[in-house]
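Structure, as C-alpha cells:
For the single chain, residues carry numbers from 1 onward in sequence order.
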Amino acid sequence: IADGSFIIMNSGENFEGVEDRMYSILKKQAPDPDNIVISAWIFTHAANDNAGGFIRFADKYASDKSITVKQFVCNLPDDSVLVNQSDKNDQSALRTAMAKYADAEILKPHTGNVLYYCDIAINILYSQENYLPLNKFGNYNTASLVTQFVTADGTKILVGADHPVSGATGDYTCCEGALY
C-alpha cells in the first residue's frame with residue numbers, strides 16, 4: 001500500500017516452498033527489504049487451503065526480525081459450532097501460528113465494519129455470525145469473510161473467499177442472500 005507496508009489476504013495451501021515464495025515476494029516488493037511491515041494479514045477463514053501457507057511461513061520466519069506483522073484480521077467461529085474435526089484442527093493450527101507473532105493485534109471484524117490502512121478501506125460485507133443463527137457449519141466455507149477493498153482512486157475489489165452460492169453442494173446460499 002502507499003506507505004510501503006503490505007496487506008495480505010490468506011496465504012494459499014500448506015505446500016512445501018510456499019513460505020519461501022511469500023518471503024521472496026515480500027523482500028522484492030518492500031521499499032526496505034530489511035524492514036518489511038505487514039499492516040494486516042487477513043484470513044477469510046482458517047481452512048488449510050487458505051491459511052496453510054501462513055502456518056509454514058510462521059514456522060520458518062516468525063523469528064525473522066526484518067518482518068513485522070502489525071495485525072491479523074479474522075473472524076473465526078467458536079469450535080463448538082464446527083461439525084468437522086479437520087475444521088477444528090485448521091483453526092487450532094492458525095491460532096498457534098498467529099501466536100508466534102506475539103506483538104501482533106488480532107482483530108475480529110463483523111459485518112458492517114470498515115477497516116482503514118493508509119490508502120485502503122476494507123468493507124466487511126459478511127462474517128460468519130450472519131450464518132450462525134441458522135445452523136452449525138456443515139461446510140466451513142460458509143465461515144468465510146466477504147470483503148470489499150476500496151483504493152484511494154475508488155477502485156473496488158470484491159473478495160468472496162470460498163463462499164458457496166446457489167448450486168453448491170447443500171443449501172449454503174447464506175452469503176448470496178446477504179450480498180444481495
Item to check | Y117 and F6: CA distance, side-chain angles, deciding distance, side chain to side chain contact (heavy atoms under 4.5 Å, CB included) verdict | outcome: CA-CA 9 Å; Y117 302 95; F6 295 88; over 6 Å; no
Checklist entry - When you look at F149 and L115, which way does the side chain to side chain contact (heavy atoms under 4.5 Å, CB included) test go after all the steps? => result CA-CA 9 Å; F149 286 65; L115 312 177; over 6 Å; no
Checklist entry - Could you go step by step and tell me if T147 and M9 meet the side chain to side chain contact (heavy atoms under 4.5 Å, CB included) rule? => result CA-CA 10 Å; T147 58; M9 175 71 79; 3.5 Å; yes
Checklist entry - Passes side-chain hydrogen bond (donor to acceptor under 3.5 Å, both in side chains), S80 versus D78? Steps please. => result CA-CA 5 Å; S80 67; D78 186 88; 2.5 Å; yes
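A continuous path of ILVMFWY side-chain contacts below 4.5 Å connects I8 to I106, so both sit in one hydrophobic cluster. Note on L107: it clusters hydrophobically with V159, by side-chain heavy-atom contacts below 4.5 Å among ILVMFWY residues. Linking Ile, Leu, Val, Met, Phe, Trp and Tyr residues whenever their side-chain heavy atoms come within less than 4.5 Å leaves V73 and V114 in two separate clusters. Both I157 and L145 are members of a single hydrophobic cluster when ILVMFWY side chains are connected at heavy-atom separations under 4.5 Å. In terms of hydrophobic clustering, with Ile, Leu, Val, Met, Phe, Trp and Tyr side chains grouped at heavy-atom distances under 4.5 Å, L82 and L94 are assigned to a common cluster.
For T111, the side chain to side chain contact (heavy atoms under 4.5 Å, CB included) partners at least two apart in sequence or on another chain are S127, N130. Taking Y61 as the reference, Y23, F57 meet the ring pair (Phe, Tyr, Trp, His ring centres under 6.0 Å) condition, with sequence neighbours excluded. The side chain to side chain contact (heavy atoms under 4.5 Å, CB included) test applied to Q148 returns N123, L125, V150, K156, not counting sequence neighbours. D79 pairs by the salt bridge (charged side-chain N to carboxylate O under 4.0 Å, His left out) definition with R95, not counting sequence neighbours. In terms of the side-chain hydrogen bond (donor to acceptor under 3.5 Å, both in side chains) criterion, residue partners of K60 (sequence neighbours excluded) are, by chain and number, D20. Scored by the side-chain hydrogen bond (donor to acceptor under 3.5 Å, both in side chains) test, T151 finds D153 as partners (sequence neighbours excluded). Listed by chain and residue number, nothing satisfies the side-chain hydrogen bond (donor to acceptor under 3.5 Å, both in side chains) test with S11 (two or more places apart in sequence, or in another chain). In this view, Q85 and N89 satisfy the side-chain hydrogen bond (donor to acceptor under 3.5 Å, both in side chains) rule, not counting sequence neighbours.
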Could you tabulate the donor-acceptor pairs under 3.5 Å formed by side-chain atoms of residues 30-43, not counting sequence neighbours?
| from | atom 1 | to | atom 2 | distance (Å) |
| --- | --- | --- | --- | --- |
| D32 | OD1 | D34 | N | 2.9 |
| S39 | OG | S5 | OG | 2.7 |
| W41 | NE1 | N10 | O | 2.9 |

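Interatomic distance, CD of Q91 versus CG of D87, reported as 7.5 Å (0.5 Å rounding).
Judged as a side-chain hydrogen bond (donor to acceptor under 3.5 Å, both in side chains), the pairs with a partner in residues 96-107 (not counting sequence neighbours) are, in order, D59-K100, Q71-E105. Residue pairs meeting the salt bridge (Lys or Arg N to Asp or Glu O under 4.0 Å) criterion with at least one member in residues 36-58, sequence neighbours excluded, are E19-R56. Among residues at least two apart or in separate chains, there is no salt bridge (Lys or Arg N to Asp or Glu O under 4.0 Å) pair with a member in residues 1-16.
Contact annotation: the side chain of R21 approaches that of V18 to within less than 4.5 Å [non-hydrogen atoms, C-beta and beyond]. Using a 4.5 Å heavy-atom threshold, the side chains of K27 and S66 count as touching.
Considering every non-hydrogen atom in both M22 and G53, the closest pair reads CE-O, 3.3 Å. Closest heavy-atom contact between A51 and H45: CB-O, 4.4 Å.
Formation of a donor-acceptor pair under 3.5 Å by the N75 side chain with backbone atoms of P109 is found in this model.
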